[in-house]
Amino acid sequence: MQKVLLRAGALAVALLLTACSSSNTPGSGNVSGSSPAAAATSSAAALCKEVSATSQGWLPHDLRLPKGAFVSHKLASRAGFHRAAFMVPMAISAFRRFVRNQWPSAGYVLGRMAVGGKHFSGSFVKPPARGTFLAEERCGGAASVLYLSYAAGLPSPTSS
């Protein structure tokens, strides 16, 4: 039963990742009158377009995420930090290399990082901004979930 659920989850993520990189957008005429699978792909593409990584408003443009990353869940702000969960279309090892190469070149200083199997976490600063992240590999290494917290300034401990 657990294998069936894992396969179903992997198929759903693959469908979403494929939809985000496809050119089929709602209203384009490419999927009208098509099968339910095509309609689901169209809906997934609309979701990815509406809540893309760059459309968050609080996420700075220079804090790059891998191509194809998209917001899977908006999380409530906490203690002055904006938070969201992103789907990242790569394994943890590739995402770790991406962070280590891309974020420092944009001026972010990486703090202490922890690497363990299918997890990667750490912190970063670009004064006065700061943030933390936790990435977990999913779908047999085909994708990762990135939990990102970011504050543009130095939030006070009493912020909510």
Side-chain angles (χ1 to χ4, degrees), residues 1-26 37-38 40-126 129-152 155:
M1 179 68 172
Q2 198 172 25
K3 286 183 180 181
V4 171
L5 290 175
L6 182 60
R7 286 183 186 149
L11 179 60
V13 169
L15 178 63
L16 284 174
L17 292 175
T18 301
C20 287
S21 64
S22 76
S23 61
N24 291 342
T25 56
T41 301
S42 175
S43 298
L47 173 68
C48 295
K49 185 174 182 177
E50 290 172 13
V51 291
S52 71
T54 58
S55 71
Q56 292 307 294
W58 56 264
L59 186 67
H61 293 288
D62 63 351
L63 185 63
R64 296 180 205 102
L65 295 180
K67 184 177 180 175
F70 64 93
V71 175
S72 63
H73 293 90
K74 292 181 182 181
L75 304 171
S77 294
R78 189 173 287 164
F81 284 83
H82 297 282
R83 303 179 319 134
F86 296 84
M87 286 301 299
V88 178
M90 59 179 48
I92 282 294
S93 59
F95 180 66
R96 186 171 57 243
R97 283 189 301 275
F98 178 89
V99 167
R100 288 183 174 160
N101 291 328
Q102 297 295 317
W103 292 3
S105 69
Y108 291 91
V109 176
L110 299 176
R112 187 174 185 168
M113 292 187 282
V115 179
K118 298 181 183 208
H119 300 284
F120 172 50
S121 63
S123 61
F124 56 92
V125 296
K126 184 176 182 179
R130 63 182 172 162
T132 61
F133 65 91
L134 167 66
E136 298 177 336
E137 192 169 280
R138 301 282 169 89
C139 306
S144 297
V145 175
L146 168 64
Y147 300 97
L148 183 68
S149 297
Y150 178 84

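Heads up: numbering here begins at 1 and tracks the sequence. Computed from a predicted model, the values in this text were never measured in an experiment.
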Measure from the side-chain N and O atoms of [X] to the backbone N and O of [Y], and report whether any donor-acceptor pair falls under 3.5 Å.
{"X": "Arg83", "Y": "Ala76", "result": "yes"}
{"X": "Ser144", "Y": "Val88", "result": "no"}
{"X": "Trp103", "Y": "Leu63", "result": "no"}

Gap separating the [atom1] atom of [X] from the [atom2] atom of [Y], nearest 0.5 angstrom:
{"X": "Met113", "Y": "Arg96", "atom1": "CE", "atom2": "CZ", "result": "9.0 Å"}
{"X": "Ser123", "Y": "Tyr108", "atom1": "OG", "atom2": "OH", "result": "13.5 Å"}
{"X": "Leu148", "Y": "Leu134", "atom1": "CG", "atom2": "CG", "result": "10.5 Å"}
{"X": "Ser149", "Y": "Arg78", "atom1": "OG", "atom2": "CZ", "result": "9.0 Å"}
{"X": "Leu65", "Y": "Met90", "atom1": "CG", "atom2": "CE", "result": "10.0 Å"}
{"X": "Leu59", "Y": "His61", "atom1": "CG", "atom2": "NE2", "result": "8.5 Å"}

Nearest atoms (heavy-atom pairs only) where [X] meets [Y]:
{"X": "Arg100", "Y": "Val115", "result": "NH2-CG2, 4.1 Å"}
{"X": "Ala106", "Y": "Asp62", "result": "CB-O, 3.2 Å"}
{"X": "Phe98", "Y": "Arg64", "result": "CE2-O, 3.3 Å"}
{"X": "Ser93", "Y": "Glu137", "result": "N-OE1, 4.5 Å"}
{"X": "Pro89", "Y": "Lys67", "result": "CG-O, 3.3 Å"}
{"X": "Ala151", "Y": "Gly80", "result": "CB-O, 3.5 Å"}

Quick one: list whatever passes ring-ring contact (aromatic ring centres under 6.0 Å, His included) with Phe120, sequence neighbours left out.
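ring-ring contact (aromatic ring centres under 6.0 Å, His included) list for Phe120, sorted by chain: Phe133.
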Test ring-ring contact (aromatic ring centres under 6.0 Å, His included) applied to Tyr150 - qualifying residues, sequence neighbours left out
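If we apply the ring-ring contact (aromatic ring centres under 6.0 Å, His included) test to Tyr150, skipping adjacent residues, there are no hits.
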Run the side chain to side chain contact (heavy atoms under 4.5 Å, CB included) check on Met87 and Val145 step by step: do they pass?
CA-CA 5 Å; Met87 286 301 299; Val145 175; 3.6 Å; yes
Report yes if the side chains of Thr132 and Ser121 come closer than 4.5 Å at any heavy-atom pair, otherwise no.
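No - every pair of side-chain heavy atoms lies 4.5 Å or more apart.
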Could you tell me which residues satisfy side-chain hydrogen bond (donor to acceptor under 3.5 Å, both in side chains) with Arg138, sequence neighbours excluded, listed by chain and number?
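Partners of Arg138 by the side-chain hydrogen bond (donor to acceptor under 3.5 Å, both in side chains) criterion, ordered by chain and then number, come out as Glu136.
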